[in-house]
Amino acid sequence: MIEITNSKVAGFSPRWAAFRGFTLLFDNPGESFAVKDGLQFVDCDKTSPFYGGLATGLQEIEPDTLVKRYLFCPLPYASYHVTAFDGINESNITAVSQNHRSDWENFLHDLPLSIQEQPLLDAIKASDLITASWPIPFQFAQLELWGASSLVATLKPQDHHANSLLQRLTLARERFAQQFETEFHVRPGEHFAPHVTLGYFANRTLAQQAEAEVDDWNGRFAPFMQDLSIEFQTISLYGFLDMATFFREAND
């Protein structure tokens, strides 16, 4: 087990490994972007009450303690997002059909600018997931440890109407997943669970040990989220360079 024992050291700032790909994300309400080379880099509005509650709740759990005890690497607040559909990335590129693989390999290599230039993205941008409106308000559900690697805040629809919209979105996502698999031989996970990833554990063994504390963390975290919600309206296609750097084409 690796732990920090020097009382003068509280923790370390994570360096995020290069990991490239594209994804479909819910567009954060009130989101601001850093614009560069015709791209908008995600930079969450720090006045967002919902994301602010997540950040405050994480502080209540004490990130420095999480680092020292479990090698937890919190994601920067500015990168918070909710994924609607996982696309092609460095972990699944070898599964892509041979007739498209070289195009996607070049796309990954040339990110971020290639998100403006890849013709294969045009059909994806025309999908119902992106062209339709999805005004779904979510509330915090609970903290969960996923895959012995990440700590996530799962979300639930705020009311019956939101739940109906989420079911419609889930069906649209399933239709798109089938088309995506037929075209590229890649399919995302079957279970769609809206969530915000708060960070990753650098060590799988320590992450498994941390699972015993999740119930306690939920008890300390929930009070900061009980009156908060976040409502999305649209979904867009984003590229990413690592798990803290997401971007999309700049709006005209």
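By the 30° and 60° cut-offs, the orientation of the rings of F232 relative to F26 is tilted. The aromatic rings of F184 and H100 sit perpendicular to each other, their planes meeting at more than 60°, with 30° as the lower class boundary. Ring orientation note: the planes of F22 and F107 are nearly perpendicular, at an angle over 60° on the 30°/60° scale. Taking the six-membered ring where tryptophan is involved, the planes of F85 and F180 are perpendicular, since the angle between them exceeds 60° and thus also 30°.
Taking all atoms of both residues into account, the shortest heavy-atom contact from S236 to D27 is OG-OD2, 2.8 Å.
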task = List the steps, then state whether ring-ring contact (aromatic ring centres under 6.0 Å, His included) holds for F72 with F201.
result = CA-CA 4 Å; F72 178 73; F201 294 90; 5.1 Å; yes
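Residues V152 and V196 have side chains not in contact (no heavy-atom distance under 4.5 Å, counting atoms from C-beta outward).
Residue L228 holds its CG atom at 10.5 Å from CD of Q158, rounded to the nearest 0.5 Å.
Listed for the H81 side chain is a donor-acceptor partner under 3.5 Å among the backbone atoms of S79. Formation of a donor-acceptor pair under 3.5 Å by the R173 side chain with backbone atoms of F192 is not found in this model. A donor-acceptor pair under 3.5 Å is formed between the side chain of N218 and the backbone N or O of L143.
Taking the ring centroids of F221 and F140, they lie under the 6.0 Å cut-off. Ring to ring, Y80 and Y51 are close: their centroids are under 6.0 angstrom apart.
Side chains of E211 and Q209: a donor-acceptor N/O pair is absent below 3.5 angstrom, by distance only. Between the side chains of Q179 and E181, no donor-acceptor pair is found at a separation under 3.5 Å.
By the neighbour-count criterion of 12 heavy atoms within 6.0 Å, atom CZ of R168 is sparsely surrounded, having that number or fewer from other residues, nucleotides or ligands.
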